[in-house]
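Heavy atoms only: backbone and side chains are in, while hydrogens, waters and symmetry mates are out. Within every chain, numbering begins at 1; the chains are lettered A, B, ... in the order of the sequence lines, protein sequences first and strands thereafter.
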Amino acid sequence: AQSVTQPDIHITVSEGASLELRCNYSYGATPYLFWYVQSPGQGLQLLLKYFSGDTLVQGIKGFEAEFKRSQSSFNLRKPSVHWSDAAEYFCAVDSGGGADGLTFGKGTHLIIQP
Amino acid sequence: EAQVTQNPRYLITVTGKKLTVTCSQNMNHEYMSWYRQDPGLGLRQIYYSMNVEVTDKGDVPEGYKVSRKEKRNFPLILESPSPNQTSLYFCASSFQQGAGYGYTFGSGTRLTVV
């Protein structure tokens with residue numbers, strides 16, 4: 001079965017600093033990979049997705065992620081964070097068929113320090 | 001506007017009183033799914049539906065029922081709610097599961113069972 005690991009439960013970053021959120025997945029073939037953001041009291045918003053092709057994908061709000069097959073990773077990055085980026089971030093994998101559907105990591109809570 | 005609509009947004013109920021959370025999408029999506037979100041556990045799939053009259057269990061189906069009589073609607077039914085079903089629930093839809101189309105999420109339903 002597919003699985004997703006987000007090793008960091010909480011991350012604190014100063015405003016204006018760079019950000020990297022880690023995501024590792026477990027799946028035999030090349031999966032479809034997603035990053036979602038959830039602001040307090042809100043639903044889930046898609047930041048970006050990887051299906052195939054270029055391993056560096058650009059998303060909304062200045063985020064990007066890089067797919068590294070050799071490391072089974074799909075880390076999310078942003079060069080300079082803003083206070084409004086404080087939120088919960090979820091990495092998810094879609095196996096491309098079968099009963100697994102969309103599997104989420106447990107999330108990383110991002111705190112922005114002034 | 002393309003969207004997934006869940007109702008109600010907030011619900012407080014008592015143990016054992018049957019309830020239904022509605023979910024409707026206006027995108028003609030084939031695939032629909034229910035998730036629950038709990039602190040430290042991320043989002044876990046409850047049930048999913050590949051198309052009309054086709055439903056199946058996800059990772060945490062106990063205590064829940066679903067139906068898919070029409071393409072646009074996918075209600076979540078709790079026949080006899082218990083306090084351990086207190087959670088934040090999300091409905092999601094996709095044009096076709098596992099084909100990389102991505103998922104659209106509803107705004108969530110916060111359920112409290114006392």
Given 3.5 Å as the limit, does a donor-acceptor pair link the side chain of Ser49(B) with the main chain of Thr55(B), or not? no

Using non-hydrogen atoms and a 4.5 Å limit, figure out which bit of [X] sits close to chain A: side chain, backbone, both or neither.
X: Gln6(B); result: neither
X: Ser107(B); result: backbone
X: Arg44(B); result: neither

With only heavy atoms counted, which part of [X] is less than 4.5 Å from chain B, the side chain, the backbone, both or neither?
X: Gln38(A); result: side chain
X: Tyr50(A); result: neither
X: Leu44(A); result: both

For residues 102-114 of chain B, the salt bridge (Lys or Arg N to Asp or Glu O under 4.0 Å) pairs (sequence neighbours left out) are none

Using the rule that Ile, Leu, Val, Met, Phe, Trp and Tyr join whenever any side-chain heavy atoms are under 4.5 Å apart, tell me whether Tyr10(B) and Leu19(B) fall into a single cluster. no

side-chain contact (heavy atoms from CB on, under 4.5 Å) between Tyr35(B) and Leu88(B), worked out: CA-CA 8 Å; Tyr35(B) 293 84; Leu88(B) 179 58; over 6 Å; no

Are Glu79(B) and Lys65(B) ion-paired here, with the side-chain N under 4.0 Å from a carboxylate O? yes

Ring-face cation of Lys78(A) near Phe63(A) (centre distance under 6.0 Å, axis angle within 45°): yes

Most contact-rich option vs chain A, by heavy-atom pairs under 4.5 angstrom, among Gly40(B), Ser33(B), Gly108(B), is Gly40(B)

